[in-house]
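Read the numbers this way: they start at 1 and go in the same order the structure lists the ligands and their atoms. Remember, predicted model here, so these are calculated numbers, not experimental data.
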Amino acid sequence: MAESAKKKVVLLGATGSIGGSTLRVLRAHTDKLELVGVAASSSHHELAAICREFNVANAVLSNEAAYAEAKAANAFPANTQLGCGESALIELSTLPEADIVLVAVVGACGLKPTLAAIEAGKDIALANKELLVLGGAFVIEAAKRKGVRLLPTDSEHNAIFQCIEGHPQQHLDKLILTASGGQFRDAPLASLVNVTPADATQHPNWSMGPKITVDSATMANKGLELIEAHWLFGLEPDRLEVVIHPQSIVHSFAQFIDGSILAQLSPPSMTFAIQHCLLYPDRAPGVDATTDFRNAFQLDFKAPDFERFPCLQLAYDAMRTGGSAPAIFNAANEIAVERFLAHDLAYLDIPRVIDQTLSKVDIAATTTLEALLHTDAEARAVAHSF
Ligand code: NDP
Ligand code: MG
């Protein structure tokens, strides 16, 4: 393939868990993919190393102190342009030479760079779910209007995307998202009162960043993913279901009106979904070994228990209410998890903070982006004051 035919990739969140898996995919496909921009918050040593290894021309550190340190240490290669702050992040997301932006920052801070990238005509590989829960209506509208691809990188949504491709929307009956159930799936309910951040950041199947690992334990993650699926696939809440599947091998199901159900399978590594998005519509050998049916294994499924997972119920309710309710759910959850990780809140207070924030902040039925960002800020303040 000619040098110019390589797909040029911008990676937001290069130093995180998805970022690391993406780098593995990029190393394996240097003939097809080229990294032209990377961003992190404050991990400047790691970001500089990535720039050296991949010869990246554009980098951003959003954290000002980290940016100043990196500048003082002269740590980045001379041919890497280093920027700082939100405006630099937006500039990076709209780089003229970029073809696709992989959004793997954590939290709603991903919304503005993603909208800017779409407006600049970039395809998006979307790992970040919080930004869709906050601003899904605006992201979907902009992507349709600009005719860019919104490729789902979250494993469940990537699975569904692969299952429904080529099928008309009217043939689709419902989507069934699989969930591992996290690390406390079978723990005695009474023991949850003692859960520490160290306990909640260990996942049995997936190696992920701290926020999503806590979200998996509470199943707020599956709640966010239901709302993400609602926006990506245009289905109403009653046609979106969750099933607990402890092995994390079936990544989701699409059920058609005649009762046939399609699934996508692979071991629990994000490289499968990341590579699918970055090479789409092409395919190439993967970087991890896939499921091998010559070795016997079991797949189990069971319905979720809403008493054990109140965050899942709260997410369903917020999705059914619609308007700004999902944005409030997301903001309250982000703050609650941040406070839990800082030992400022008990594990069982996470759903309480979300519930209380949803009851205190006014929910608007329809809204502008500015009003939504205002609601997001208000919900964060309420969640802080719990
Ligand atoms: P991590 O916490 O491991 O990584 C987050 C990355 O984002 C880091 O590179 C971090 O930089 C960077 N970052 C955070 N804030 C900013 C900012 N304001 N500007 C620029 N960069 C920033 O998270 P994960 O990789 O686990 O998750 C990323 C997203 O993908 C989340 O939305 C998550 O829900 C989703 N996701 C993750 C999966 C996984 O397997 N990990 C699976 C499916 C979805 P720094 O290192 O400097 O802090
Ligand atoms: Mg997922």
Do the ring planes of F256 and H167 sit parallel (below 30°), tilted (30 to 60°) or perpendicular (above 60°)?
->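 Plane angle between 30° and 60°, so tilted.
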Are [X] and [Y] in one and the same hydrophobic cluster, where Ile, Leu, Val, Met, Phe, Trp and Tyr link if side-chain heavy atoms are under 4.5 Å apart?
{"X": "V250", "Y": "I176", "result": "yes"}
{"X": "F272", "Y": "M208", "result": "no"}
{"X": "V106", "Y": "I212", "result": "no"}

Give yes if a backbone or side-chain nitrogen or oxygen of [X] is under 3.5 Å from a nitrogen or oxygen of ligand 1, and no if not.
{"X": "S155", "result": "no"}
{"X": "G209", "result": "yes"}
{"X": "L89", "result": "no"}
{"X": "W206", "result": "no"}
{"X": "T15", "result": "yes"}
{"X": "N221", "result": "no"}
{"X": "S43", "result": "yes"}

Just let me know how M270 lines up against ligand 1, side chain, backbone, both or neither, with a heavy-atom cut-off below 4.0 Å.
->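 Side chain only.
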Have a look at ligand 1 and work out which part of C109, if any, has a heavy atom under 4.0 Å from it: side chain, backbone, both or neither.
->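 The answer is the side chain.
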Sub-3.5 Å donor-acceptor pair from the side chain of H251 to the main-chain atoms of L265, do we have one?
->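 Here the side-chain-to-backbone pair does not exist.
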Do any N or O atoms from the side chain of Q313 and from the backbone of E307 form a donor-acceptor pair under 3.5 angstrom?
->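 Side chain of Q313 to backbone of E307: no pair is present.
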Going through the distances and angles, do L134 and L372 end up as a side chain to side chain contact (heavy atoms under 4.5 Å, CB included)?
-> CA-CA 8 Å; L134 169 60; L372 204 55; 3.9 Å; yes
Do you know which two heavy atoms are closest between [X] and [Y], and how far apart they sit?
{"X": "I18", "Y": "A104", "answer": "CG2-CB, 3.4 Å"}
{"X": "A108", "Y": "E334", "answer": "N-OE2, 2.9 Å"}
{"X": "E225", "Y": "H157", "answer": "O-NE2, 2.9 Å"}
{"X": "S252", "Y": "A159", "answer": "N-CB, 3.9 Å"}

Which residue and heavy atom of the protein sit nearest [atom], plus the separation:
{"atom": "atom 36 (N) of ligand 1", "answer": "I212 CD1, 3.6 Å"}
{"atom": "atom 15 (N) of ligand 1", "answer": "S41 CB, 3.9 Å"}
{"atom": "atom 4 (O) of ligand 1", "answer": "G16 CA, 3.2 Å"}
{"atom": "atom 43 (C) of ligand 1", "answer": "D154 OD1, 3.1 Å"}
{"atom": "atom 41 (N) of ligand 1", "answer": "S17 OG, 3.1 Å"}
{"atom": "atom 20 (C) of ligand 1", "answer": "S62 OG, 2.9 Å"}
{"atom": "atom 27 (O) of ligand 1", "answer": "I18 CG1, 4.2 Å"}
{"atom": "atom 21 (N) of ligand 1", "answer": "A40 C, 3.2 Å"}

Within the 4.0 Å heavy-atom shell around [X], which atoms of ligand 1 are there?
{"X": "A127", "value": "30 (O), 35 (C), 36 (N), 44 (C)"}
{"X": "A14", "value": "9 (O)"}
{"X": "S42", "value": "45 (P), 47 (O)"}
{"X": "E130", "value": "31 (C), 32 (O), 34 (O)"}

Taking atom types as modelled, is there a side-chain donor on S155 or N158 under 3.5 Å from an acceptor on the other?
->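 Short answer, no.
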May I ask you to check whether S248 and W206 show a side-chain donor-acceptor distance below 3.5 Å?
->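 Note: S248 and W206 side chains meet the donor-acceptor criterion.
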Taking it one step at a time, do L373 and K112 satisfy side chain to side chain contact (heavy atoms under 4.5 Å, CB included)?
-> CA-CA 10 Å; L373 293 172; K112 282 185 188 170; 3.8 Å; yes
Give, rounded to 10 degrees, the angle between OD1 (D154) and OE1 (E156) as seen from the Mg ion (ligand 2).
->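 OD1 of D154, the Mg ion (ligand 2) and OE1 of E156 span an angle of about 100°.
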Say whether K211 and ligand 1 are in contact under the criterion: heavy-atom distance to a ligand atom below 4.0 Å.
->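 Per 4.0 Å heavy-atom rule, K211 does not contact ligand 1.
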pair L115-L131: side-chain heavy atoms closer than 4.5 Å =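 A side-chain contact under 4.5 Å is absent here.
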Restricting to N, O or S atoms of E225, which is nearest to the Mg ion (ligand 2)?
->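 Considering only N, O and S atoms, E225 comes nearest to the Mg ion (ligand 2) through OE2.
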If you measure from atom 34 (O) of ligand 1 to every heavy atom of M208, H203, K129, which option wins on shortest distance?
->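 Result: the heavy atom closest to atom 34 (O) of ligand 1 is in K129.
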